[in-house]
Amino acid sequence: MMMKRIVVICFLISLIIPIDAQTNLWIQLYDRNTGGLNETVYALKQDDRGLIWITTYGGLYSYDGQRFVHHPDSTVKPPMAGYHWRPNTAFENKLAELAQKENWLRNGKERILCSMEDRDGNLWMGFTNGLRLCRKQEHPFHISDFDEEVLCLFQSSNGEIWMTTREGSVCLLDRWLKPTVWLTRTGEWSSTKTNSRYVVMSITETPDGSLWLAARHEGLLRLKKRDTDMMRGFYIQQIKDEGDTDGGLHALNNVYSTCLDNNNRLWTASLNTGVGIIMDTEPKIPADVINLNALQKRVNGQKLPERIRCFLPLFSDEWLVASDNGLFYMKPSTWKNKETGVFKQLLTNKADTSKNYSAQCLLCDHDGYIYVGTSGDGLIILNKAPEAGKASEARFLSKENGVLSSNVVYALAQDKKHGVWGFCDKGLFRITSDKVNKPFHHLYASSYGEEYSAVWPAMSIGNALLLKDGRIIKGTRKGLLWFQADSLGQRPSRHNIFIEARYNSADRDTAFVAGDTIMLPKGLKDLTLYCSVLDYNRLSNVVYAYRIADKDSAWTYTTNPVIDLRDIPSGYSTLEIRATNGDGVWSGNEKVITLHVKSDDNWALSLVIILMAVIAVMFYLLAKKHSKKDDADSTPNVLEPILDNLPTKEAVDELFRATVRKNIVENIGDAEYGPERLAKDMGMSKNMLTSKIKSVYGILPVELMNRVRVQAATELLTQTELTISEIAYRVGFNDPKYFSRVYKKMTDISPTEARSKRSI
């Protein structure tokens, strides 16, 4: 029923249309309303680069997955009279039937005119009213339809999947994420839908198999198995706030989440009274319940935050606490019966010190980075766990910098391959880590499913959960969203980065497809690039990284396909561009372009010519003076020995080569030693060094330095027993994988193959 509902909604808003569960086919319409064409399409073709070319009555268009470009200079002819498309395959027949069924052809004049299968197996269809892409890739995101808003998701140690809803249902799900039994208010399981009226926000399992349920205004629920057979139900102990103060049950008002420490004490997070502790697994009420807020205020007069969302244990005795008043650090062991402990605030808003970041959810990933989802400031990433309560370096990803679809992040989860997923109120994203460079500084977010997220229900405020089988599930306002995280990003990356370059000269605006070299006219140092990864099955936005190697030491990361380069250095320089694939994964897709900016600063050359002319005149006058005093036949011209002793160009170039090589070899193990430092050691400017190396060697400084490093690596590979990683570091590469790619590119063999040839 839900699938039919999605079909109708998608069609009405001209987005993606699932045909059925067997074909795994999704249709996307490109017309005026979706940023596409509003023309009759009668011919389609894909070129060798991957661009899609569309012939219409209005002219020729190209499409790169992001924009349609009109080519007005192209002359196209309409088809001959009576032209009619006929389906040739069962797949095309099915689409033709679907077109009639779904009323794609809204009147008798509209029809299908052409079709084409691209290199990824997708089918493109031209209509009298636009263009459609029929994607064969299986849609990875699924919605399980419920009538209630899903809040809490939990998987127990024995694999049972629990789900709770805002309406008060507590149930178990089967492997297909369908409810099987419901928990009654008295602890029994019912095969028919039953409302327990407990609004549960989190579930915590204790070592003995009991469960603690944070039930908001119903307080805490402790579920203890009746016997070894879990399906016989539970004894339910309800610990509810009765209005006691000072170390009493007042800590259990509006409980949002719970967490166990190493001493099996249960910590509670409340949206009214802050942090509480259940001191014993068999609590004596109210003696074993402590309200930290009341205790701290009574002992030293300090006030703790009252609206606590969740805890994140980092180490055995260091936790982070998310609250509406910001992020806090605490040490559970320092809080003992009637004694206060360590509780420090982190991450005060630098722009407005009176404002704190409202922390909604927390996660610590495989690399030790801390992720803080907020309810208005996007995502905050810390590069390490805070030490002794001191905040570490932070990065901020938000809607304002074009990264997230929303600044409200409800939940975070990490998949089995250590990818971090975030869930906003209006979609989801995945943190992309560029492992080639320093990961923390190059973490970025790829937004998933933007083109069809409009048909998803809005996300709920509850948690996201990684199941033992690798699926990630997240509650929505109208059901359950789930996907197999491990399968995303596994498609082969064989889609090139297509780049169109554009610059404005005095007389015209010039645009062209960028090749391996771009030459700018004299006086121009600005260039605009429009980039696209030619992947028509893309699920996420593409993240680009770029730098001018001779100018920038750091990479610039962006999801904006338009790259503006300003003040490009004169002479030759190297532009490096990398990109994720259509699944938001860095997979080696890169392009290197040589930029040549003609210098208009000819004063230096003119000065050299003038100086040489002055010196020549001085020598001439000096020689003429001597010729008057001495006999011309017995005294040689004074210019001859001076000119004979001047070094030749070949000698100067040879000395230059030797000096360059000496400097590179002496610093070969320093990965930070690049063209800029080489120029400094040579006593030259970087532009002058680039021009000289280009003149002497015919290549750029970066390539020359890599060649020297590769030569040194070859000697180590053939003459030592060092590992390939050790050799990479010794010759100045921080990343052994990158070293292997550079080595193979320059020698046509891998380092392993080079080592195997040493005995030949």
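This chain uses plain numbering: 1 for the first residue, then up along the sequence. This is a predicted model, so every value here is computed, not measured.
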Decide yes or no on salt bridge (Lys or Arg N to Asp or Glu O under 4.0 Å) for Arg502 and Glu500, but give the supporting numbers first. CA-CA 7 Å; Arg502 182 183 297 272; Glu500 181 184 280; 3.4 Å; yes
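- For the ring pair (Phe, Tyr, Trp, His ring centres under 6.0 Å) test, residues two or more places apart in sequence or in another chain that qualify with Phe440 are Tyr369.
- Between Tyr530 and Phe498, the ring center distance fails the sub-6.0 Å criterion.
- Using a 4.5 Å heavy-atom cutoff, the side chains of Tyr572 and Val597 are not in contact.
- A salt bridge does not link Lys551 to Asp567: none of the charged side-chain nitrogens sits closer than 4.0 Å to a carboxylate oxygen.
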Are Asp564 and Thr528 close enough, and set up right, to give a side chain to side chain donor-acceptor pair (under 3.5 Å), and what steps lead you there? CA-CA 5 Å; Asp564 289 317; Thr528 298; 2.9 Å; yes
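- Side-chain atoms of Ser532 come within 3.5 Å of backbone atoms of Asp64 as a donor-acceptor pair (strictly under, hydrogens ignored).
- With sequence neighbours excluded, no residue forms a salt bridge (charged side-chain N to carboxylate O under 4.0 Å, His left out) with Glu117.
- Residues satisfying the ring pair (Phe, Tyr, Trp, His ring centres under 6.0 Å) test with Tyr697, not counting sequence neighbours, are none.
- Counting only heavy atoms from C-beta outward, the side chains of Phe733 and Val742 approach each other to under 4.5 Å.
- Side-chain contact check for Val408 versus Cys424: every heavy-atom pair is 4.5 Å or farther apart.
- Contact between Ser540 and Gly584 at its shortest, heavy atoms only, is OG-N, 3.1 Å.
- Nearest approach of Arg430 to Asp583, heavy atoms of both residues: NH1-O, 4.2 Å.
- Counting only residues at least two apart or in different chains, side-chain hydrogen bond (donor to acceptor under 3.5 Å, both in side chains) contacts with residues 733-742 are absent.
- By the 4.5 Å heavy-atom criterion applied to side chains, Thr574 and Val592 are counted as neighbours.
- One finds the OG1 atom of Thr556 at 11.0 Å from the CD1 atom of Ile577 (value rounded to the nearest 0.5 Å).
- A cation-pi arrangement, defined by a distance under 6.0 Å to the six-membered ring centre and an angle within 45 degrees of its axis, is absent between Arg132 and Trp124.
- The minimum heavy-atom distance between Leu379 and Leu404, with the atom names listed, is N-CD1, 3.8 Å.
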Evaluate ring-ring contact (aromatic ring centres under 6.0 Å, His included) for Phe429 paired with Phe423, printing each intermediate quantity in order. CA-CA 7 Å; Phe429 59 87; Phe423 298 83; 8.0 Å; no
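- A pairwise comparison of heavy atoms in Lys591 and Ala514 identifies CE-O, 4.0 Å as the closest pair.
- Side-chain atoms of Arg566 and Lys525, non-hydrogen and from C-beta on, never get closer than 4.5 Å to each other.
- For residues 41-59, the pairs satisfying salt bridge (Lys or Arg N to Asp or Glu O under 4.0 Å) are Asp47-Arg49, with sequence neighbours left out.
- Partner of His70 under the ring pair (Phe, Tyr, Trp, His ring centres under 6.0 Å) criterion, chosen from Trp53, Tyr63, Tyr61: Tyr61.
- Here the closest non-hydrogen pair linking Gly130 and Val41 is O-CG2, 3.7 Å.
- For the side-chain contact (heavy atoms from CB on, under 4.5 Å) with Leu529, the lone residue among Leu565, Ile497, Val562 that qualifies is Leu565.
- Applying the 6.0 Å contact sphere to NZ of Lys399 captures no more than 12 heavy atoms from other residues, nucleotides or ligands.
- For Phe483, the ring pair (Phe, Tyr, Trp, His ring centres under 6.0 Å) partners are Phe141, Trp421, not counting sequence neighbours.
- Here the closest non-hydrogen pair linking Leu412 and Gly422 is CD2-CA, 3.8 Å.
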